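Remember, it's a predicted structure, so these values are computed and weren't measured experimentally. Order of appearance sets the numbers: ligands from 1, and atoms from 1 within every ligand.
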Amino acid sequence: MLRRPRRNRKTAAIRGLVEETRLVTQDLMFPMFLLEGKSKSVEVESMPGIHRLSLDFMLKEIESCLNLGIKAFDIFPVVDEKHKDKLASRSHDPNFFYLKALEEIKREFPEACVMTDVAMDPYSTDGHDGVVDEDGNILNDESLEILGAMALTQAETGIDIIGPSDMMDGRVEYIRDILDDNGYENTSIMSYTAKYASAFYGPFRDALDSAPKSGDKKTYQMNPANLREAIIEAELDEEEGADFLMVKPALAYLDVIKLLRDNFDLPIAAYNVSGEYAMIKAAAQKGWLENDQTMMESLLSMKRAGAKVILSYFAKEAAQLMK
Ligand code: PBG
């Protein structure tokens, strides 16, 4: 036998030499859920180990993550039902607790990279990412105005990256224009470029209590059957000024990550979503899968597929393990 591939696997040292992909803590971004009030920590039942935190606790959590080498955070607000309305008006009310908290986080930790989410669903009585009319249609251009106002108010808090997760057409350019017109040309945009209408978002919607009140998200989020369509979305986001292209979810969409990595020069991000986290945690709790190895193998697969940035609820655990 002339070729014996096992020779390159025979010792840990040789395996290290030929190792093609390495996950490092600086690749990770940690999504977090912010609660209004003080001294609150409420575990998300469907996401064991993940807690919704009030600002005081979140500041502590961010500090401990920074000490582990995690420098990027994606912060989502848990919005009480009483603050919700049809047009998500709290989303661009500068006195709303989420926006105040972002200011505080950036004041405490200017070195942290903070990303915010632009979509109406957590603030909307309809639970949709855009404006819903009487017939249940999601109105694109009317939504842009609200998303633009939301993005600007978030940028004003000093955060680093705007994350439009709403999948309305034209939103990246719309937001880029508003940011630039108001002096926020240095605020980045990580576009949820290929965001699929996925069942893997279930636990996230539990965390934020943000599930759609009627219908589904199939008229704006992508059909899981489609790959080529991701190219159309990516071309638009690139032209419209996005700084990062995101694929979401990650594990069931590694081919999409690879496709965008091979065809675009912008950094690719993968969102390892709530349902992907829940699956591993549930199996690990039952003793059916080994938690740490399964976690690291799935994060590694996202990087191997071509994601440079990985948003994951495993970020802290993975960083602890890598330390
Ligand atoms: C909402 C939003 C969702 C997620 C991030 N932003 C859910 C949805 O579109 O319904 C999902 C994240 C996750 O599942 O971890 N715009």
Is the centre of the H83 ring less than 6.0 Å from the centre of the F96 ring?
-> yes
Those atoms of ligand 1 less than 4.0 Å from some heavy atom in Y271 = 12 (C), 15 (O)
What is the ring orientation for F204 with F76, classed by angle as parallel under 30°, tilted 30 to 60°, or perpendicular over 60°?
-> perpendicular
Compute the ring centroids of F30 and Y313, then answer whether they are less than 6.0 Å apart.
-> no
With a 4.0 Å cut-off on heavy atoms, does D129 reach ligand 1?
-> yes
Name the orientation class of the two ring planes belonging to Y196 and Y253 (parallel below 30°, tilted from 30 to 60°, perpendicular beyond 60°).
-> parallel
Is there a donor-acceptor contact under 3.5 Å linking the side chains of D85 and T125?
-> no
Which residue and non-hydrogen atom of the protein lie closest to atom 16 (N) of ligand 1, and at what distance in Å?
-> S165 OG, 2.8 Å
Sub-4.0 Å atoms of ligand 1 with respect to non-hydrogen atoms of Y313 = 12 (C), 13 (C), 15 (O)
Would you call R171 and V118 a side-chain contact if the rule is heavy atoms closer than 4.5 Å?
-> no
Candidates S274, A207, G202; heavy atom nearest atom 14 (O) of ligand 1 found on S274
Any donor-acceptor N/O pair, N140 side chain to D169 backbone, under 3.5 Å = yes
For K248, the ligand 1 atoms whose distance to one of its heavy atoms is below 4.0 Å = 2 (C), 3 (C), 4 (C), 5 (C), 6 (N), 11 (C), 12 (C)
For K195, take its heavy atoms, then give the atoms of ligand 1 lying under 4.0 Å from any of them.
-> 1 (C), 2 (C), 3 (C), 6 (N), 8 (C), 9 (O), 16 (N)
What part of Y277, side chain, backbone, both or neither, has a heavy atom within less than 4.0 angstrom of ligand 1?
-> neither
What atoms in ligand 1 come closer than 4.0 Å to a heavy atom of A119?
-> 16 (N)
Candidate with minimal heavy-atom separation from atom 8 (C) of ligand 1, of K217, M167, E276 | K217
Which option out of D121, N272, L311, D206 puts a heavy atom nearest to atom 1 (C) of ligand 1?
-> D121
Rounded to the nearest 0.5 Å, how far apart are OH of Y184 and CD1 of I162?
-> 10.5 Å
